[in-house]
Undergrad: 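Structure incoming, see below.
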Amino acid sequence: MIMCLSGKRFLPARALLVVLLLVLFSIPLEAENSTMPGEITCPYPTVTNLAVEWEITGDDNLNSAVSVRYRRRGEESWKNAMPLRRVPAGSSRGTTPIFNWKNKHSGSIFDLRPDSIYEIELKLVDPDGGSAEKTVHARTRPVPRPGAGEVVNVSPGSHGVLTPRDGSPGRPVIYRCPQGEAVFESINLRNRKWVYIDGLTVRNTASGRSSKGVTMGGAENCAVRYCTINAVFGVVAYKPGARNCYISDNVITGTTEWRSETMGAHGKNIGEGIEITGPGNVVCFNRVKGFRDAISTMEDTGTVDQHCIDIYNNDVYLGADDGIEADFCMSNCRIMRNRLTNCFVGLSSQPGLGGPTYFIRNSMYNLTYAPYKLHRHSRGDVILHNTVVKVGDGMACFAGEPFDFAFFRNNLAIGGPSTVNWGDYGAGRGMAAYIASHGPHCSFDYDAVGTYQTAFNARIGGRSFTAAEPHGVRVDMNVFKGVPFPIQPVPELGAQDLRPVPGARVVDAGVRIPNVNDGFTGMAPDIGAYELGQELPIYGPRPRDIDEETTFLQQDRAASTSASGQSPRILTPTTVSGPDETAVAAACKAVEDAVPAITALSRSRIIGGVGAGRNESVYIDLGGSAVRVKITGAAEQGLMVEFAAGSMPVPWNSLSGRRFAGIAAKYAEDNADNRIQTAALYAAAGDIEKSSEIIGATEGASEQWRTLAESLKILYQAR
């Protein structure tokens with residue numbers, strides 16, 4: 001026993017050492033609740049989205065937060081984005097290999113202008129200490145357009161395997177067929193750099209895994225656009241994966257059919273529509289039908305750097321297992337605005353590796369198992385503004401093992417009766433919501449759920465819907481207009497318009513999420529994939545003259561017109577009296593240019609001006625008095641349009657260039673003096689067959705059609 005000079009007893013030396021060690025180790029343990037900011041990166045910018053990763057140490061109690069503001073270089077005003085998601089360090093469970101992720105805040109800024117520099121302001125706040133402010137800059141990538149670079153014109157006809165040669169930055173090599181159709185057995189882009197494949201056809205009639213359309217393993221900065229691909233495996237990028245590639249506007253068709261025995265992981269299905277691994281890839285505006293998985297990332301040992309992958313505006317029509325399988329996504333993968341019809345599973349994250357993995361504004365109809373497959377201890381899924389109509393349980397995830405750090409807001413789901421086990425899995429009992437198991441860090445609220453022909457019942461992790469979601473909403477099929485419930489999922493059903501109707505309980509019932517629902521039109525955002533009165537997004541291939549950049553240019557033009565205080569007035573040349581290429585081009589372009597400007601014009605100003613009789617009528621001259629229109633009235637439902645042939649209402653959701661052209665063409669068709677112009681309008685609406693039919697019934701048709709067809713081929717890529 002150690003004695004002090006006063007005679008008091010001290011602890012034994014060993015005991016004293018233990019006490020000192022406990023005191024010493026207690027100091028850093030307490031300090032771990034504060035945050036020490038680390039490195040900030042903006043990895044793998046894509047065409048329209050930017051990621052921000054802020055590594056940290058500490059914050060064991062997970063109470064730090066990072067707010068985000070951004071602005072494009074040259075702009076004065078800032079915009080708010082979603083706060084970064086808190087991603088604690090962790091490891092996957094039961095995967096091969098085990099994946100690890102760092103302690104960080106991580107998130108994305110969505111729907112930015114391509115090829116633009118953005119200033120991003122970050123504010124980290126931790127009540128335990130370590131707050132900080134930082135500003136970083138990042139640049140989105142340009143749209144890979146086929147107009148720049150070296151062009152290789154491929155001859156029409158049947159070919160074997162196309163193996164392109166490399167291009168270079170700023171000078172890609174572009175392969176296309178300017179006349180007719182070039183058909184290849186397959187296209188080999190393995191390890192290629194800066195190659196653009198534009199408008200070619202692939203037909204691979206081999207069976208099983210031998211049937212591959214486009215292979216992209218090791219490809220960098222390549223693009224596959226406007227192609228028609230028929231193969232068991234459409235576009236694939238296996239190890240080492242693709243990097244910064246762009247797969248868009250293709251029609252990809254497989255061999256799997258929609259039958260009971262083909263559904264599910266154990267079903268008689270085969271093939272992947274688009275299957276990729278690697279960072280920075282963009283998969284958008286494709287139409288994909290007839291595969292086991294329509295669009296998927298890789299799993300387990302096949303996974304390579306699955307960061308910052310964008311999957312948006314695709315039209316998925318048949319996925320016998322998963323519609324979009326975003327499995328093993330590591331951070332800032334963004335699955336947005338896709339339409340999924342006839343799929344076993346809608347959206348899969350099995351598992352998410354820390355995240356965030358974003359699922360935003362996806363529309364799902366006729367699913368036969370689950371809309372969300374957050375299995376294998378998924379982490380970091382952010383599920384916002386999705387709409388689901390399916391048999392069995394509506395807002396469902398059947399994972400027995402809990403997923404965690406998920407964030408559900410503003411989702412709409414309706415379930416209904418199901419008595420069949422599709423593909424040896426059940427769809428559920430017809431509950432409005434059923435989340436089997438979730439972790440303690442998940443958050444649910446502001447969702448809308450309901451049932452069709454089953455009693456309302458909804459459970460989230462063992463709690464009632466009301467207890468789990470204080471601001472949740474109960475709905476039924478009356479939220480839609482004329483949408484049939486898919487009570488018989490087989491045979492395949494057509495895609496449905498799942499926009500809400502006026503007065504539906506989802507209208508103005510959502511919560512504000514910056515940079516996700518900024519454009520809401522009422523008192524608050526609407527719940528579900530669509531805002532009331534919104535035009536349907538483009539799903540699948542776009543017209544050739546529309547891409548992410550031209551969309552912003554149209555918005556700029558419309559905003560400039562609106563800011564000037566004048567209604568847009570688009571004038572074209574005089575009546576098209578014959579198949580003159582210039583006149584036809586002008587008539588068609590008037591439709592494409594005029595209507596987006598009117599659509600983007602402030603509704604409140606149109607309604608307040610036209611609707612109140614203040615003589616703010618808008619004219620669109622489509623090339624002659626027969627189809628010259630005047631907007632004579634406006635209301636919440638749409639516009640009243642006056643043609644020479646009569647007046648009619650035009651709903652807001654019909655005000656797109658192609659749809660308006662179709663309306664104008666039908667009204668002009670009865671005027672025999674304007675048949676060439678009517679044909680041009682039908683072509684603008686995408687109906688080349690109708691356009692040809694009208695020309696065929698016109699005197700001197702063969703000569704006229706030859707000239708007109710050449711013009712339309714240039715304008716609308718008609719073949």
Side-chain angles (χ1 to χ4, degrees), residues 207-209 211 230-234 252-275 287-296 299 314-325 327 338-348 350 362-375 387-400 413-434 436 451-454 477 483-496 498:
S207 61
R209 290 194 166 273
S211 176
N230 293 273
V232 177
F233 292 80
I252 305 174
T253 307
T255 59
T256 294
E257 299 177 349
W258 185 248
R259 304 194 309 270
S260 299
E261 59 269 24
T262 65
M263 295 183 197
H266 307 138
K268 296 179 180 178
N269 52 53
I270 189 171
E272 305 283 333
I274 301 171
E275 185 179 30
R287 180 164 292 116
V288 186
K289 176 183 179 181
F291 297 92
R292 173 184 170 91
D293 301 322
I295 300 173
S296 63
E299 304 173 68
N314 298 283
D315 196 7
V316 173
Y317 187 71
L318 195 164
D321 190 18
D322 294 339
I324 297 179
E325 185 182 63
D327 294 355
N338 300 283
R339 181 172 66 184
L340 298 90
T341 310
N342 306 317
C343 295
F344 184 67
V345 170
L347 306 170
S348 176
Q350 182 179 255
N362 299 286
S363 177
M364 294 171 270
Y365 180 77
N366 196 31
L367 310 181
T368 54
Y369 177 54
Y372 309 114
K373 188 171 67 174
L374 314 180
H375 292 200
T387 294
V388 177
V389 178
K390 65 175 290 291
V391 293
D393 299 339
M395 192 175 84
C397 179
F398 301 127
I414 297 180
S418 177
T419 58
V420 179
N421 287 342
W422 306 97
D424 71 23
Y425 290 88
R429 298 170 291 170
M431 298 176 66
Y434 179 69
T451 59
Y452 173 81
Q453 291 187 357
T454 58
M477 287 296 291
V483 174
F485 187 84
I487 199 163
Q488 296 293 336
V490 178
E492 63 192 49
L493 302 177
Q496 296 294 316
L498 300 182

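The residues of the chain are indexed from 1 along the displayed sequence. What you see is a predicted model, and the numbers here were worked out from it, not measured in a lab. The basis for the numbers below is simple: all heavy atoms, side chains too, and nothing from hydrogens, waters or symmetry mates.
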Undergrad: Can you name the ring pair (Phe, Tyr, Trp, His ring centres under 6.0 Å) partners of Tyr372, sequence neighbours left out?
TA: Phe408
Undergrad: Kindly give the heavy-atom pair with the smallest separation between Gly273 and Ile252, and that separation in Å.
TA: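 Closest approach of Gly273 to Ile252, heavy atoms only: O-CG2, 3.8 Å.
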Undergrad: Please assess Lys268 against Arg259 for the test side-chain contact (heavy atoms from CB on, under 4.5 Å), listing each intermediate value before the final yes or no.
TA: CA-CA 9 Å; Lys268 296 179 180 178; Arg259 304 194 309 270; 5.5 Å; no
Undergrad: Applying side-chain contact (heavy atoms from CB on, under 4.5 Å) to Thr341 and Trp258, what does each step give before you reach the verdict?
TA: CA-CA 11 Å; Thr341 310; Trp258 185 248; over 6 Å; no
Undergrad: Shortest non-hydrogen contact from Ala320 to Thr256?
TA: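 Looking at all heavy atoms of both residues, the shortest contact is CB-CG2, 3.7 Å.
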Undergrad: Holding to salt bridge (charged side-chain N to carboxylate O under 4.0 Å, His left out), I want the full list of residues that pass it with Asp327, two or more places apart in sequence or in another chain.
TA: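 Asp327 satisfies salt bridge (charged side-chain N to carboxylate O under 4.0 Å, His left out) with no residue once adjacent residues are dropped.
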Undergrad: Applying the side-chain contact (heavy atoms from CB on, under 4.5 Å) test to Met364, which of Leu340, Thr387, Val345 qualifies?
TA: Leu340
Undergrad: For the residue pair Tyr369 and His375, categorise the inter-ring angle as parallel (less than 30°), tilted (30 to 60°) or perpendicular (more than 60°).
TA: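 Taking His375 first and then Tyr369, their aromatic rings stand perpendicular (interplane angle over 60°).
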Undergrad: Just jot down the side-chain contact (heavy atoms from CB on, under 4.5 Å) partners of Ala432, sequence neighbours excluded, or say none.
TA: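 Val449, Thr451, Phe456, Ala458.
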Undergrad: Mind running side-chain contact (heavy atoms from CB on, under 4.5 Å) on Thr255 and Ile270 for me, showing each step along the way?
TA: CA-CA 8 Å; Thr255 59; Ile270 189 171; 4.0 Å; yes
Undergrad: Identify every side-chain donor-acceptor pair in residues 487-496 under 3.5 Å, counting partners at least two apart or on other chains, and give the distances.
TA:
residue	atom	partner	partner atom	Å
Glu492	OE2	Tyr317	OH	3.4
Gln496	NE2	Gly494	O	3.4

Undergrad: Of all the heavy-atom pairs spanning Asp321 and Ala265, show the shortest one and how long it is.
TA: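 Asp321 and Ala265 have their closest heavy atoms at OD1-N, 3.5 Å.
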Undergrad: Please tell me whether Tyr425 and Phe344 form a close aromatic pair, meaning their ring centres lie under 6.0 Å apart.
TA: yes
Undergrad: Say whether, by atom type as modelled, one donor and one acceptor occur between the side chain of Thr262 and the main chain of Glu257 under 3.5 angstrom.
TA: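 Checking the backbone N and O of Glu257 against the side chain of Thr262, a donor-acceptor pair under 3.5 Å is found.
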Undergrad: Using a 3.5 Å distance criterion without hydrogens, assess whether the side chain of Asp393 forms a donor-acceptor pair with backbone atoms of Gly430.
TA: yes
Undergrad: I need the minimum non-hydrogen distance between Tyr452 and Pro417, along with the two atoms involved.
TA: O-CD, 2.9 Å
Undergrad: Of all the heavy-atom pairs spanning Pro371 and Val388, show the shortest one and how long it is.
TA: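 Smallest interatomic distance, heavy atoms only, reads CB-CG2, 3.7 Å.
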Undergrad: Atom NZ in Lys289, atom CG in Asn230: separation rounded to 0.5 Å?
TA: 11.5 Å
Undergrad: List for me each residue that meets salt bridge (charged side-chain N to carboxylate O under 4.0 Å, His left out) alongside Arg429, sequence neighbours excluded, and say none if there are none.
TA: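 Not a single residue meets the salt bridge (charged side-chain N to carboxylate O under 4.0 Å, His left out) criterion with Arg429.
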Undergrad: What's the spacing between Asn421 CG and Met263 CE if we round to 0.5 Å?
TA: 12.0 Å
Undergrad: For the residue pair Met477 and Val389, establish whether any side-chain heavy-atom pair is separated by less than 4.5 Å.
TA: yes
Undergrad: Examine distances only and state if a side-chain atom of Asn338 and a backbone atom of Asn314 form a donor-acceptor pair shorter than 3.5 Å.
TA: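 At least one qualifying donor-acceptor pair exists.
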Undergrad: Roughly how far, to the nearest 0.5 Å, is the SG atom of Cys343 from the CG atom of Asn366?
TA: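 The CG atom of Asn366 sits 9.0 Å away from the SG atom of Cys343.
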Undergrad: Where do Val391 and Ser418 come nearest, in terms of heavy atoms and distance?
TA: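 The answer is CB-CB, 3.9 Å.
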Undergrad: When you look at Asp322 and Ser296, which way does the side-chain contact (heavy atoms from CB on, under 4.5 Å) test go after all the steps?
TA: CA-CA 8 Å; Asp322 294 339; Ser296 63; over 6 Å; no
Undergrad: Quick one: OG1 on Thr253 to CZ on Phe291, what's the gap to the nearest 0.5 Å?
TA: 6.5 Å
Undergrad: Supply the atom-to-atom distance Asn269 CG to Arg292 CZ, rounded to the nearest 0.5 angstrom.
TA: 4.5 Å
Undergrad: Between Val232 and Ser207, is any pair of side-chain heavy atoms under 4.5 Å apart?
TA: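 With C-beta onward as the side chain, the pair stays apart.
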Undergrad: Would you give the length of the straight line joining atom CG of Leu347 to atom CD1 of Ile295, rounded to the nearest 0.5 angstrom?
TA: 10.5 Å
Undergrad: With sequence neighbours excluded, what pairs up with Asp293 under the salt bridge (charged side-chain N to carboxylate O under 4.0 Å, His left out) test?
TA: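 Residues passing salt bridge (charged side-chain N to carboxylate O under 4.0 Å, His left out) with Asp293: none at all.
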